[in-house]
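In what follows, every chain begins at residue 1, and chains take the letters A, B, ... in the order their sequences are listed.
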Amino acid sequence: MQKFTTLTGVAAPMDMINIDTDMIIPKQYLMTIERTGLGKALFFELRYDADGNENPDFVLNKPAYRDAKILVAGDNFGCGSSREHAPWALLDFGIRCVIATSFADIFYNNCFKNGILPIKLPAEDVAKLLDDAMRGANAIITIDLETKTISGPDGGEIKFDLDDFKRHCMLNGLDDIALTMENADKIDAYEANLKTTRPWL
Amino acid sequence: MSDPKTLFDKIWESHLVDEQDDGTCLIYIDRQLIHEITSAQAFDGLRASGRKARRPEANLCVPDHNVPTTPGRGGTDEIEDDESRIQLETLEKNAAEFGLPYIPINDARQGIVHVIGPEQGFTQPGLTLVCGDSHTATHGAFGALAFGVGTSEVEHVLATQTLIQRPAKNMRITVNGELPFGCTAKDMILAIIGKIGTAGGTGHVIEYAGKAIEDLSMEGRMTVCNMTIEAGARAGLVAPDEKTYQYLKGRPMSPKAGAWEQAEAYWRTLSSDEAATYDKEVVLKAADIAPQVTWGTSPEDVVAITACVPSPEDFDDPAKQEAAKMALKYMGLTAGTPMTEIAIDYAFVGACTNGRIEDIRAAAAVAKGRKVAAGVTALIVPGSGLIKEQAEEEGLAAILIEAGFEWREPGCSMCLAMNPDKVPPGKRCAATSNRNFKGRQGADSRTHLVSPAMAAAAAVTGKLTDVRDLD
Ligand code: SF4
């Protein structure tokens with residue numbers, strides 16, 4: 001997994017609540033058996049019209065935001081299905097960080113497995129960042145995971161919270177499975193015990 | 001004496017393999033269900049790192065999401081759509097390569113993962129059970145801690161039989177009293193979501209309690225737990241009771257005689273302590289619930305069938321007002337229209353929410369002696385091949401076919417329209433599934449979530465209908 005230390009880039013505003021995983025990546029793209037190549041279908045329904053042409057009003061189609069690395073959105077981002085295709089599509093497009101007032105649990109977890117940083121902030125902070133993000137190509141913000149700080153275009157700073165374990169894994173690009181394997185003896189012990197506690201399994 | 005514990009606390013603690021100082025836990029996962037859409041990349045990951053499945057027999061693989069449901073569909077090799085066939089072949093190959101149990105499409109046991117898990121006795125009280133699918137919450141009806149995971153976590157479970165997690169918070173929803181005539185588990189959960197919202201349960205595991213929950217059949221409890229994810233929660237739970245044991249007894253993968261007694265004795269310890277406390281509590285009166293129907297593009301956009309389409313101004317929050325405006329536009333609805341005046345083009349009874357025998361019985365009871373309205377296409381898609389067989393034996397299929405419903409092979413079908421079962425653009429569907437997101441049932445399709453009886457009622461009248469008004 002790609003490390004996440006600092007990220008500087010254009011932030012795109014998506015001032016909507018309940019941005020669900022069907023919106024992030026519609027089902028016709030779930031037929032793939034690969035992880036890559038989904039960026040072109042990110043926000044498909046919003047991004048393209050019925051003939052497959054780009055909808056010029058959609059934020060990521062505007063020249064200033066085509067290379068956005070950060071999304072700023074409203075409540076309950078990523079609700080809906082468990083499809084990891086949602087973070088894969090974001091990543092493939094180039095989004096490495098999503099900032100919102102709240103996230104759906106499964107999506108939130110899936111982000112960390114793919115080196116995308118989801119940041120939960122209070123509504124006032126998100127409103128401020130949405131405001132910053134409205135400034136088009138000038139909407140450049142920097143995220144520093146080490147110090148858990150977001151710096152806006154005016155030099156204003158916002159602190160965010162993240163549990164230490166997740167931060168550590170992101171900073172070092174650690175693979176969860178390898179980490180867990182370090183505890184193999186504990187899993188062995190649990191399973192040995194299972195034979196007496198719940199032998200019917 | 002130790003602290004009073006909730007059912008969630010008990011299951012969590014009994015699955016703890018390791019806990020770090022910051023509260024990050026490694027928990028043991030007893031079982032995993034696997035389907036074709038969210039697993040291919042997980043198996044690739046295993047191959048790339050040279051890892052094996054740690055306990056192959058702890059998994060069960062079945063294709064469901066993109067399978068065709070046309071009668072007499074045949075085996076994998078007969079699927080016309082290339083992408084869909086490749087996904088099924090990939091699952092079949094992966095299951096064989098890693099030694100996992102697999103149920104093929106032309107096996108009577110095939111069906112929607114969340115229907116066949118309980119049906120096979122794979123789902124049991126006190127288990128931790130995951131699947132790369134958010135509606136894994138369904139299995140909580142048995143008092144199992146069951147939740148959806150992403151593909152990376154599918155791989156993590158295959159490789160290690162564990163997951164790295166933090167404990168959820170405890171929430172309890174108590175539904176007191178008795179459900180009124182014409183109301184079902186589906187109406188109950190829709191009403192709950194209407195009350196707490198689609199983020200009302202975020203970060204929590206919801207335990208359902210109260211007489212109205214206890215009175216539900218196992219099927220009904222599954223319907224309620226299924227849509228717990230639509231309330232934003234990680235999982236739903238109902239404490240196991242006699243109905244649970246009765247349901248599981250004799251199922252192919254349930255504990256066998258001898259082991260059964262021991263298992264049941266353990267299951268009987270699985271309830272929240274009386275003095276246990278919850279981070280959040282919601283109490284509802286079942287008597288207040290009327291048949292529900294959604295009007296918008298989020299499951300929380302729900303009203304009683306006796307109500308009218310709301311207006312954006314009815315909401316205080318500006319974000320909600322904006323969302324309501326967009327939803328009405330997408331749904332082609334005008335505020336103030338009585339819900340019962342909305343004409344439909346399609347009716348769909350099925351999905352992991354309402355594709356079980358009780359649901360088909362409810363639809364057949366309404367369909368009996370009636371006809372599907374002119375211009376309406378109505379589909380009944382059983383949740384599994386075994387349910388289909390049972391419904392045929394009970395004569396339900398004959399009633400439904402006679403009434404003009406299409407009788408299909410099992411699968412997810414029109415719930416998410418990944419297979420050929422789609423609602424065309426601009427068309428409106430009364431559906432028993434769980435999501436009414438934009439485009440969920442097909443590009444530009446319009447979904448109204450309802451109970452099976454309500455879907456059948458809409459099919460025969462051609463518009464959204466209060467099932468209590470049918471004579
Ligand atoms: S029936 Fe619908 S909600 Fe259930 S697993 Fe299939 S696609 Fe998902």
Side-chain angles (χ1 to χ4, degrees), chain A residues 1 15-18 20-23 26-28 30-35 44-45 50 74-76 79-88 102-107 109-110 112-114 163-166 169 175-181 183-184 186-187 189-191 194 197-201, chain B residues 14 17-18 20 22-24 26 28 30 37-38 40-41 44 49 51 65-66 83-84 86-87 90 126-127 132-134 147-153 155-156 159-162 164 166 198-199 202-203 232 234 255 259-260 262-263 266 298 319-320 322-323 416-418 435 437-440 443:
Chain A
M1 195 182 75
D15 189 10
M16 289 163 80
I17 58 169
N18 294 331
D20 60 65
T21 53
D22 285 48
M23 283 163 78
K27 59 191 157 249
Q28 60 270 36
L30 308 188
M31 291 292 204
T32 175
I33 51 172
E34 317 279 337
R35 282 174 207 249
F44 186 84
E45 304 275 343
D75 283 348
N76 206 21
C79 59
S81 92
S82 66
R83 61 187 70 157
E84 203 160 312
H85 308 69
W88 295 337
S102 65
F103 291 89
D105 287 331
I106 303 177
F107 175 84
N109 261 328
N110 280 342
F112 290 100
K113 316 283 177 200
N114 293 283
D163 78 60
D164 289 342
F165 177 73
K166 288 206 168 76
C169 292
D175 162 12
D176 273 1
I177 298 182
L179 273 177
T180 298
M181 291 294 204
N183 277 314
K186 290 188 179 144
I187 305 173
Y190 184 93
E191 282 180 344
L194 205 55
T197 53
R198 295 187 289 146
W200 59 89
L201 285 182
Chain B
S14 65
V17 175
D18 189 39
Q20 300 175 31
D22 75 342
T24 303
L26 188 65
Y28 194 77
D30 295 310
I37 304 292
T38 55
Q41 295 88 345
D44 278 348
S49 49
R51 292 177 175 130
H65 278 64
N66 73 30
E83 284 179 314
S84 155
I86 289 170
Q87 261 189 341
T90 306
L127 294 182
D133 189 282
S134 57
F147 51 92
V149 295
T151 300
S152 296
E153 289 181 315
E155 182 182 342
H156 196 278
T160 69
Q161 214 56 45
T162 64
I164 301 171
R166 294 184 144 250
T198 47
T202 304
R234 279 197 211 169
W260 174 272
Q262 199 182 356
Y266 171 73
S298 166
K320 281 291 307 254
E322 195 49 40
L416 94 165
M418 277 193 74
R435 288 195 174 131
F437 296 161
K438 286 180 185 167
R440 174 79 180 182

Notebook entry, point to check: Measuring heavy-atom distances to chain A, does B:Ser49 have an atom under 4.5 Å in its side chain, in its backbone, in both, or in neither?
Noted result: neither
Checklist line | Student check: side-chain heavy atoms of B:Val149 and A:Ile106 closer than 4.5 Å | finding: no
Check: For chain A, which of B:Ala417, B:Gly150, B:Gly132, B:Ala40 has the most heavy-atom pairs under 4.5 Å?
Finding: B:Gly150
Next item on the list: Find the one option among B:Ser14, B:Gly23, B:Gly232 whose heavy-atom pairs under 4.5 Å with chain A are most numerous.
Entry: B:Ser14
Notebook entry, point to check: Can you find a heavy atom in the side chain of A:Trp88 that is under 4.5 Å from one in the side chain of B:Gln41?
Noted result: yes
Notebook entry, point to check: Where on A:Ile17 is there a heavy atom nearer than 4.5 Å to chain B: the side chain, the backbone, both, or neither?
Noted result: side chain
Next item on the list: Side chain from CB out, backbone as N, CA, C, O: work out which of these in A:Arg198 comes under 4.5 Å of a heavy atom of chain B, or both, or neither.
Entry: side chain
Item checked: Side-chain donor/acceptor of B:Gln161 to backbone N/O of A:Glu191, under 3.5 Å -> no
Check: Which bit of B:Ser84 comes within less than 4.5 Å of chain A, counting heavy atoms only: side chain, backbone, both or neither?
Finding: both
Checklist line | Contact origin within A:Ile33 toward chain B - heavy atom pairs under 4.5 Å | finding: both
Check: Going by atom types alone, do A:Glu84 and B:Ser152 pair a side-chain donor with an acceptor below 3.5 Å?
Finding: yes
Notebook entry, point to check: Can you say whether A:Asp176 sits under 4.5 Å from chain B via the side chain, the backbone, both, or neither, judging by heavy atoms?
Noted result: both
Item checked: Interatomic distance, A:Ile177 atom CD1 to B:Thr162 atom OG1 [nearest 0.5 angstrom] -> 9.0 Å
Next item on the list: May I ask you to test the B:Leu26-A:Lys186 pair for a side-chain heavy-atom distance under 4.5 Å?
Entry: no
Notebook entry, point to check: Is it the backbone or the side chain of B:Thr198 that comes under 4.5 Å from a heavy atom of chain A, or both, or neither?
Noted result: both
Notebook entry, point to check: What part of A:Pro26 lies closer than 4.5 angstrom to a heavy atom of chain B: side chain, backbone, both or neither?
Noted result: neither
Item checked: Part of B:Ala323 within contact of chain A (heavy atom distance under 4.5 Å) -> side chain
Next item on the list: Using non-hydrogen atoms and a 4.5 Å limit, figure out which bit of A:Tyr190 sits close to chain B: side chain, backbone, both or neither.
Entry: side chain
Check: Is it the backbone or the side chain of B:Ser298 that comes under 4.5 Å from a heavy atom of chain A, or both, or neither?
Finding: side chain
Next item on the list: Verify, without hydrogens or angle tests, whether A:Lys27 (side chain) and B:Arg440 (backbone) share a donor-acceptor contact under 3.5 angstrom.
Entry: yes
Item checked: chain B contact via A:Asn183 - which portion, at a heavy-atom distance below 4.5 Å -> side chain
Checklist line | Criterion salt bridge (Lys or Arg N to Asp or Glu O under 4.0 Å) on A:Glu45 and B:Lys438, from CA distance to verdict | finding: CA-CA 9 Å; A:Glu45 304 275 343; B:Lys438 286 180 185 167; over 6 Å; no
Check: Side chain, backbone, both or neither: which part of B:Gln20 has a heavy atom under 4.5 Å from chain A?
Finding: side chain
Notebook entry, point to check: Can you check whether A:Asp105's main-chain N or O pairs, donor with acceptor, with B:Arg234's side chain at less than 3.5 Å?
Noted result: no
Next item on the list: Between chain A and each of B:Ile86, B:Asp22, B:Leu127, count heavy-atom pairs under 4.5 Å; write down the option with the most.
Entry: B:Asp22
Note to self: Closer than 3.5 angstrom, by distance alone: can the side chain of A:Asp22 be matched with the main-chain N or O of B:Phe437 as a donor-acceptor pair?
What the structure shows: no
Note to self: Closer than 4.0 angstrom, basic N to acidic O: yes or no for B:Arg51 and A:Asp175?
What the structure shows: yes
Check: Using a cut-off of under 4.5 Å for heavy-atom pairs, which of A:Met181, A:Gln28, A:Arg83 has the most such pairs with chain B?
Finding: A:Met181
Check: Can you tell which of A:Thr197, A:Asn18, A:Asn110, A:Asp163 has the highest number of heavy-atom pairs within less than 4.5 Å of chain B?
Finding: A:Asp163
Checklist line | Beyond-backbone contact of B:Tyr266 with A:Trp200, side-chain heavy atoms, under 4.5 angstrom | finding: yes
Notebook entry, point to check: Would you say A:Thr32 and B:Glu83 make side-chain contact, with heavy atoms under 4.5 Å?
Noted result: no
Note to self: Given 3.5 Å as the limit, does a donor-acceptor pair link the side chain of B:Arg435 with the main chain of A:Gly80, or not?
What the structure shows: yes
Next item on the list: Select one option (side chain, backbone, both, neither) describing which atoms of B:Thr24 are under 4.5 Å from chain A's heavy atoms.
Entry: side chain
Notebook entry, point to check: Which heavy atom of B:Ile37 sits nearest a heavy atom of A:His85, and at what distance?
Noted result: O-CE1, 3.5 Å
Notebook entry, point to check: How far does CG of A:Leu30 sit from OG1 of B:Thr38, to the nearest 0.5 angstrom?
Noted result: 9.5 Å
Note to self: Which atoms of A:Met23 are under 4.5 Å from chain B, going by heavy atoms: the side chain, the backbone, both sets, or neither?
What the structure shows: neither
Item checked: Residue selection (most heavy-atom pairs with chain A, distance under 4.5 Å) from B:Ala199, B:Gly126, B:Ala259, B:Ala443 -> B:Ala199
Checklist line | Atom group of A:Phe107 that falls short of 4.5 Å from chain B, counting heavy atoms | finding: neither
Margin query: Show the nearest heavy-atom pair for residues B:Ser134 and A:Ser81, with the distance to one decimal.
Written below: OG-CA, 3.6 Å
Next item on the list: Using non-hydrogen atoms and a 4.5 Å limit, figure out which bit of A:Ala86 sits close to chain B: side chain, backbone, both or neither.
Entry: neither
Check: Relative to chain B, which of A:Leu194, A:Ile187, A:Asp164, A:Asn109 shows the most heavy atom pairs under 4.5 Å?
Finding: A:Ile187
Margin query: Less than 4.5 Å to any heavy atom of chain A: does that hold for the side chain of B:Val17, its backbone, both, or neither?
Written below: both
Checklist line | Which of B:Lys320, B:Arg166, B:Glu322, B:His65 touches chain A most, by non-hydrogen pairs under 4.5 Å | finding: B:Arg166
